[in-house]
2 protein chains.
Amino acid sequence: MSLAHVILGLLQEQERTGYDLKTECFDQCIVHLWPADQAQIYRTLDKLEKQGWITCTVEIQQDRPNRKIYRTTAPGVAELTRWLQTHQPLPTLREPLLAQLHFAAQLPDAAILPLLEQELAARREKLADCEAQRSRVALEAAPVLSDDGATLRQQELRQRVLELMIQREQTYLEWLQELIEAIQAKAV
Amino acid sequence: MSLAHVILGLLQEQERTGYDLKTECFDQCIVHLWPADQAQIYRTLDKLEKQGWITCTVEIQQDRPNRKIYRTTAPGVAELTRWLQTHQPLPTLREPLLAQLHFAAQLPDAAILPLLEQELAARREKLADCEAQRSRVALEAAPVLSDDGATLRQQELRQRVLELMIQREQTYLEWLQELIEAIQAKAV
DNA sequence: GTCTTATATATGATTAGTCATATAGTAGCA
DNA sequence: TGCTACTATATGACTAATCATATATAAGAC
């Protein structure tokens with residue numbers, strides 16, 4: 001399961017609580033990479049702890065609920081390193097809109113077009129989100145110009161990953177727009 | 001659940017058995033659109049039948065196991081039409097390689113490159129598969145030039161869907177190649 | 001004679017992911 | 001005073017998907 005390894009990766013960067021993981025990582029930078037909900041994060045933390053790949057210390061707080069701060073162990077880091085070098089099978093992607101279009105020929109234009117328009121709007125939002133994230137990573141990168149090579153390399157790799165996600169969304173958007181135009185021009 | 005609707009769409013085209021669905025549809029044209037394994041197909045057929053959206057008749061065969069031939073019912077077609085016009089939320093995609101790269105900065109080039117090369121090979125295979133399918137659909141389309149508009153529209157839509165899948169794979173491949181070159185040139 | 005492949009359906013077990021809800025204290029707002 | 005929002009963890013219930021295996025017959029390969 002890759003979620004476990006993503007969490008391992010995040011905890012290796014920095015010790016964190018489940019809440020931190022959710023609000024700082026999964027809701028922000030990891031959303032488009034590996035979405036995970038709160039329940040799954042906490043359950044995976046339990047699993048990782050039982051595996052011995054992470055440990056936790058409880059921080060008792062007076063004004064707020066106690067926090068369980070997790071960090072990686074030596075076997076955890078070893079497992080992460082192993083996973084990082086292991087080729088994963090291509091993800092199976094299921095795109096509802098494409099499945100719909102595969103069967104949509106019988107529908108009139110007036111039924112197909114709204115579907116495409118809604119997808120267009122949703123995709124534009126996602127693209128904007130990825131672009132905003134790219135800007136944030138770029139800003140992070142600036143102050144580290146004098147930093148060590150590893151950090152630079154990380155920024156560069158993450159930028160590239162974002163770049164791909166943005167390009168893919170752009171491809172999708174252009175395709176959608178062309179399809180909409182073709183249908184409007186009665187070419188489909 | 002969209003699998004149910006994909007099956008509904010396939011059965012509306014033509015009556016079929018679970019085995020037909022698996023071998024003719026899901027293993028061939030639907031693989032890259034909505035992969036499904038045999039167990040899931042049979043269980044979904046049961047569910048659709050209980051829902052009253054499909055019915056089946058058993059064909060008794062002497063030399064081979066009996067076949068359960070499924071077809072859509074009127075409520076089933078109505079449900080398909082409703083679904084075809086209902087906007088579905090964007091799929092959440094989880095790409096293991098991108099997740100790995102997000103954390104891969106610490107790895108030496110010699111560890112990252114094989115990962116990228118393996119992905120490249122797998123993606124090339126997938127692209128070839130999609131392109132082969134596009135050729136098949138194009139061949140199907142040729143004899144129907146004189147056919148009714150609905151069939152032409154269907155071919156056109158399916159071509160467009162395939163076109164997008166191909167474009168997305170090409171984008172991915174180009175990105176991968178650029179990344180490999182950048183790493184080899186020590187630019188990352 | 002055995003092994004594999006094709007035809008055909010069914011089910012048990014498990015994992016991964018989602019949705020909802022519970023608990024519990026603090027802080028700010030109206 | 002009550003309402004909402006934030007911090008923080010936990011669990012029950014469920015769906016979707018995957019993996020393995022069972023059953024049964026026939027045809028063809030070696």
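Scope of the values below: all heavy atoms of this structure, side chains included, with no hydrogens, waters or symmetry mates. Letters go in sequence order (proteins before strands), and every chain restarts at 1.
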Residue-phosphate contact under 4.0 Å: [X] side-chain N/O, [N] OP1/OP2:
| X | N | answer |
| --- | --- | --- |
| B:Arg94 | C:dG17 | yes |
| B:Tyr42 | C:dT9 | yes |
| B:Lys68 | C:dA10 | yes |
| A:Thr17 | D:dT9 | yes |

task: Answer yes or no: side-chain N or O of A:Gln38 and base N or O of D:dT9 forming a donor-acceptor pair under 3.5 Å.
output: yes
task: Assess whether one donor atom and one acceptor atom, taken from the side chain of A:Arg43 and the base of D:dG12, lie less than 3.5 Å apart.
output: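 Indeed, a donor on one side and an acceptor on the other fall under 3.5 Å apart.
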Output the rounded distance in Å from [atom1] ([X]) to [atom2] ([N]).
| X | N | atom1 | atom2 | answer |
| --- | --- | --- | --- | --- |
| B:Asp20 | C:dT9 | CG | C1' | 13 Å |
| B:Glu49 | C:dT9 | CD | C1' | 13 Å |
| A:Leu45 | D:dT11 | CG | P | 13 Å |
| A:Phe26 | D:dT9 | CZ | P | 14 Å |
| A:Met1 | C:dT14 | CE | C1' | 13 Å |
| B:Asn66 | D:dA26 | CG | P | 12 Å |
| B:Lys47 | D:dT15 | NZ | C1' | 8 Å |
| A:Tyr19 | D:dC6 | OH | P | 8 Å |

message: For B:Arg43, is there an ion pair with B:Asp37 - N to carboxylate O distance below 4.0 angstrom?
response: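 So B:Asp37 does not pair with B:Arg43 through a salt bridge.
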message: Check this for me: does any side-chain nitrogen of one of B:Glu156 and B:Arg153 sit under 4.0 Å from a carboxylate oxygen of the other?
response: no
- prompt: Out of D:dA10, D:dA16, C:dT18, which has the shortest distance to the side chain of A:Gln40?
  reply: C:dT18
- prompt: From C:dT18, D:dT18, D:dA10, pick the nucleotide closest to the side chain of A:Asp46?
  reply: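 Of all the options, the side chain of A:Asp46 is nearest to D:dA10.
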Tabulate below the donor-acceptor pairs under 3.5 Å that side-chain atoms of residues 115-126 of chain A make, not counting sequence neighbours, or state none.
from, atom 1, to, atom 2, distance (Å)
A:Glu119, OE2, A:Arg123, NE, 3.1
A:Glu119, OE2, A:Arg123, NH2, 3.3
A:Arg123, NH1, A:Glu169, OE1, 3.3
A:Arg123, NH1, A:Glu169, OE2, 3.2
A:Arg123, NH2, A:Glu95, OE1, 2.8

message: Tell me which one of A:Arg158, A:Arg168, A:Arg134 satisfies side chain to side chain donor-acceptor pair (under 3.5 Å) with A:Glu163.
response: A:Arg134
query: If each of A:Ala39 and B:Ile69 is mapped to the nucleotide of DNA chain C with the nearest heavy atom, which maps nearer the 5' terminus, i.e. the 5' end?
result: B:Ile69
- request: May I ask you to test the B:Trp53-B:Thr72 pair for a side-chain heavy-atom distance under 4.5 Å?
  value: no
